[in-house]
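Written out below as structure tokens is the structure these notes cover.
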Amino acid sequence: MQIARVRGTVTSTQKEPSLRGTKFLVLQLIDEDGQPLPGYEVAADSVGAGIGEWVLVSCGSAARQVPGSEQRPVDAAVIAIIDTVGIENRLLYSKRDQY
Amino acid sequence: MQIARVRGTVTSTQKEPSLRGTKFLVLQLIDEDGQPLPGYEVAADSVGAGIGEWVLVSCGSAARQVPGSEQRPVDAAVIAIIDTVGIENRLLYSKRDQY
Amino acid sequence: MQIARVRGTVTSTQKEPSLRGTKFLVLQLIDEDGQPLPGYEVAADSVGAGIGEWVLVSCGSAARQVPGSEQRPVDAAVIAIIDTVGIENRLLYSKRDQY
Amino acid sequence: MQIARVRGTVTSTQKEPSLRGTKFLVLQLIDEDGQPLPGYEVAADSVGAGIGEWVLVSCGSAARQVPGSEQRPVDAAVIAIIDTVGIENRLLYSKRDQY
Amino acid sequence: MQIARVRGTVTSTQKEPSLRGTKFLVLQLIDEDGQPLPGYEVAADSVGAGIGEWVLVSCGSAARQVPGSEQRPVDAAVIAIIDTVGIENRLLYSKRDQY
């Protein structure tokens with residue numbers, strides 16, 4: 001999985017019918033310090049992540065191991081909203097401190 | 001998923017028989033501002049995207065979660081024509097403004 | 001899928017038994033103008049592509065959606081010999097012009 | 001698989017329900033000499049790897065070939081704690097020497 | 001598939017139980033001229049490749065299309081020991097010449 005920050009949304013009306021109701025988030029990939037990495041991902045979201053939150057994004061067939069998405073043509077999904085990132089026992093990020 | 005702009009088409013007569021009837025689009029990968037990224041993708045299209053439109057492309061086994069493509073040897077598919085891309089509540093792209 | 005030009009072949013006698021009879025082609029990945037990209041792919045071929053031809057290569061589990069390859073440990077396959085590549089209604093490549 | 005060094009952990013309460021109980025490790029990808037490579041991975045761990053240990057990380061659908069993770073939306077897993085890395089019959093890394 | 005040269009081995013005792021008996025090789029990815037490319041792969045081997053040999057490595061779910069590995073969490077496998085690499089009808093590599 002990669003760490004990412006939620007930046008925005010994508011909307012679409014003309015799409016694969018199975019995608020009806022899927023929420024698409026634009027994610028900025030970041031490193032464990034929160035620095036932006038090259039590359040972004042548009043991911044399906046079912047955990048209810050909001051703009052600015054740090055999330056875990058899972059890519060490939062894993063994105064379809066989410067209830068309701070088993071048959072959807074998605075290759076990336078937000079699977080968790082991150083509470084903390086700890087590196088060598090130092091707390092690098094805490095959601096509590098952000099909000 | 002990645003955001004891409006439809007640039008052209010690829011045609012083929014000598015191919016895997018299961019690909020008969022598959023439409024192949026040449027997609028330029030772009031970032032959320034519409035700037036071209038290195039790399040392109042040739043993707044199967046079943047949503048009817050046209051030249052210049054912004055689309056979502058899904059790669060890997062997700063490309064076969066499209067009705068009719070379950071048994072086709074495709075690793076990329078256009079899954080949606082994008083209406084809007086919004087970043088931090090600012091509208092970066094709107095299909096309505098383009099046409 | 002990526003566009004590639006057939007450059008050569010790989011042969012092997014000591015291999016997974018299921019690969020007996022599989023033809024391996026060395027492919028140069030190219031962009032839509034025919035310029036070589038960094039990276040190559042060795043792909044299973046069942047469409048009968050020859051040296052110099054432009055082909056579509058499909059990677060990942062898609063490579064096993066080819067009759068006879070369902071159980072083969074291949075992660076790339078030639079799925080089509082390209083006739084034409086058209087970009088914004090301009091013909092960039094035509095097999096007919098090459099031969 | 002890639003070689004990686006365990007650097008830290010990620011915690012989350014709001015996540016896909018199937019991820020309850022999954023331990024997420026932050027891994028620094030390294031080369032066979034232990035030099036850090038660009039890129040990191042957040043991986044599910046069920047082998048009990050600790051900070052500083054060298055591990056093998058497996059990506060993609062392989063991450064769900066771990067008992068208990070078959071239905072989890074994970075795309076990376078720690079599958080082994082490395083004892084030794086030997087290159088051309090020279091021992092480059094030995095866990096025994098580290099602890 | 002990619003072409004690679006066998007460089008060494010990785011050993012592990014604390015690992016996913018299904019990996020018992022799996023031999024892990026460290027592979028240097030190379031181009032068709034034998035020049036090292038950035039990146040390496042640790043791959044499961046069941047064809048019996050030795051140090052210095054050129055092999056084909058298959059990544060992703062293909063690595064589990066090897067008898068005995070169907071349920072193993074591996075994302076890369078040596079699937080063939082290369083005899084020859086021929087580019088545009090010129091022999092670039094021949095195992096016979098190396099040994």
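Bear in mind that the values here come from a model prediction, so they are computed numbers and not experimental data. Throughout, a chain's letter reflects where its sequence line sits, starting with A, and its residues are numbered from 1. Just so it is clear, the values below take in all heavy atoms, side chains as well, and ignore hydrogens, waters and symmetry mates.
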Interatomic spacing from [atom1] in [X] to [atom2] in [Y] - rounded to 0.5 Å:
X	Y	atom1	atom2	result
A:Gln65	D:Asp75	CD	CG	11.5 Å
D:Thr22	A:Met1	OG1	CE	8.0 Å
A:Asn89	D:Thr9	CG	OG1	8.0 Å

Residue among [options] with most heavy-atom pairs under 4.5 Å to chain D:
options	answer
A:Ala63, A:Ala49, A:Ala80	A:Ala80
A:Pro67, A:Gly48, A:Gly60, A:Gly86	A:Gly86
A:Thr84, A:Val78, A:Ile3	A:Thr84

Using non-hydrogen atoms and a 4.5 Å limit, figure out which bit of [X] sits close to chain A: side chain, backbone, both or neither.
X	value
D:Ala43	backbone
D:Val74	both
D:Arg7	both

Given 3.5 Å as the limit, does a donor-acceptor pair link the side chain of [X] with the main chain of [Y], or not?
X	Y	value
A:Asp83	D:Thr13	yes
A:Ser58	D:Pro73	yes
A:Gln2	D:Val42	no
A:Glu88	D:Ile51	no
A:Glu32	D:Leu27	no

| query | If you take all heavy atoms of A:Val47 and D:Gln14, which pair is closest and at what distance? | reply | O-NE2, 2.8 Å
| Does CD in A:Glu70 sit with more than 12 non-hydrogen atoms of other residues, nucleotides or ligands closer than 6.0 Å? | yes
| query | For A:Leu37, is it the side chain, the backbone, both, or neither that has a heavy atom closer than 4.5 Å to a heavy atom of chain D? | reply | side chain
| said: Using heavy-atom distances under 4.5 Å, tell me whether A:Leu56 contacts chain D through its side chain, its backbone, both, or neither. | reply: side chain
| field | Evaluation steps, side-chain contact (heavy atoms from CB on, under 4.5 Å), between D:Lys15 and A:Ile79 | value | CA-CA 6 Å; D:Lys15 58 190 168 190; A:Ile79 61 163; over 6 Å; no
